[in-house]
Amino acid sequence: MNKDLFGAWLSAICVCHCVLTPFILIFTSSGLLGVLFGSELFHWFMLAPVTIVVILSFPSAWRIHHNLWPGSLSFAGLALLLSALAFHGWPEIALTILGGSLLFSAHIMNRRLLLKANIGCGGLPLKNPDAT
């Protein structure tokens, strides 16, 4: 799977987690699902792969498409996700939704720029531009 698609899915999971957790805690008996979704450990568990994908995805893609926007958005989103760990309640939810949304947008933009640069998922050109 492409790093940007994987990163977009991880970002979407972060946003869904923050949007849905309050409703899960309010409308369910909270049991194991509430403990899992409400745990700080879940945030750290999700932040690790998100950070790794950002580090692996954006700098190498910049070398190909030379556009600073996706990397800038991704690092801003990652900074918001990291800062969300310092808060609880609505500030944490708002920072995580905004950060996850920025990361999602950055991954989609990065993928489109790579495809526009004619680079396949494996980093190899899809076709030879010199061939006529």
Side-chain angles (χ1 to χ4, degrees):
M1 177 183 266
N2 180 287
K3 290 180 281 193
D4 287 309
L5 291 178
F6 184 64
W9 275 105
L10 286 175
S11 302
I13 289 170
C14 287
V15 171
C16 289
H17 168 261
C18 272
V19 169
L20 295 177
T21 297
F23 295 106
I24 290 171
L25 295 175
I26 290 170
F27 295 114
T28 66
S29 61
S30 293
L32 181 61
L33 193 60
V35 170
L36 176 67
F37 277 100
S39 169
E40 279 298 311
L41 187 59
F42 184 83
H43 296 111
W44 286 102
F45 176 75
M46 286 299 297
L47 195 57
V50 166
T51 303
I52 290 168
V53 171
V54 164
I55 291 168
L56 293 176
S57 198
F58 292 98
S60 61
W62 176 81
R63 286 187 215 103
I64 295 166
H65 57 62
H66 302 289
N67 191 322
L68 291 175
W69 273 106
S72 300
L73 287 176
S74 73
F75 289 115
L78 188 59
L80 288 171
L81 289 179
L82 286 169
S83 65
L85 294 172
F87 297 96
H88 294 288
W90 289 108
E92 176 188 16
I93 292 169
L95 288 170
T96 304
I97 289 172
L98 183 58
S101 297
L102 283 176
L103 275 171
F104 181 84
S105 300
H107 281 293
I108 297 302
M109 182 187 299
N110 201 44
R111 177 161 169 75
R112 287 181 179 164
L113 286 167
L114 287 173
L115 289 173
K116 190 175 181 180
N118 202 25
I119 302 299
C121 292
L124 300 172
L126 295 175
K127 62 182 177 182
N128 184 358
D130 297 329
T132 53

Which atom names give the shortest non-hydrogen contact between [X] and [Y], and what distance separates them?
X	Y	value
L113	P70	CD1-CG, 3.5 Å
S11	H107	OG-CD2, 4.0 Å
A117	I64	CB-CG2, 3.9 Å
A106	S74	CB-N, 3.6 Å

Can I get a per-line list of side-chain donor-acceptor pairs under 3.5 Å for residues 44-62, giving both atom names and the distance, sequence neighbours left out?
from : atom 1 : to  : atom 2 : distance (Å)
T51  : OG1    : L47 : O      : 2.8
S57  : OG     : D4  : OD1    : 2.8
S60  : OG     : L56 : O      : 3.1
S60  : OG     : S57 : O      : 3.3

R112 and side-chain contact (heavy atoms from CB on, under 4.5 Å): which single residue from L115, I108, N110 fits?
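So the option named by the test is I108.
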Apply side chain to side chain contact (heavy atoms under 4.5 Å, CB included) to residues F104 and V15 and explain how you reach the verdict.
CA-CA 9 Å; F104 181 84; V15 171; over 6 Å; no
Results of side-chain contact (heavy atoms from CB on, under 4.5 Å) for S105 - residues two or more places apart only:
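If we apply the side-chain contact (heavy atoms from CB on, under 4.5 Å) test to S105, skipping adjacent residues, there are no hits.
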Rounded distance [0.5 Å steps], CZ in R111 versus CG in N2
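Those atoms lie 4.5 Å apart.
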Nearest-0.5 Å distance that lies between atom CG in L80 and atom CZ in F75
13.5 Å
Look at the side-chain heavy atoms of Ile, Leu, Val, Met, Phe, Trp and Tyr, link any pair under 4.5 Å apart, and say whether [X] and [Y] land in one connected group.
X	Y	value
L82	L10	yes
I93	L98	no
L102	L85	no

In the structure I gave you, are the side-chain heavy atoms of S101 and I97 within less than 4.5 Å of one another anywhere?
yes
Do L95 and L81 come close enough that some side-chain heavy atom pair is under 4.5 Å?
no
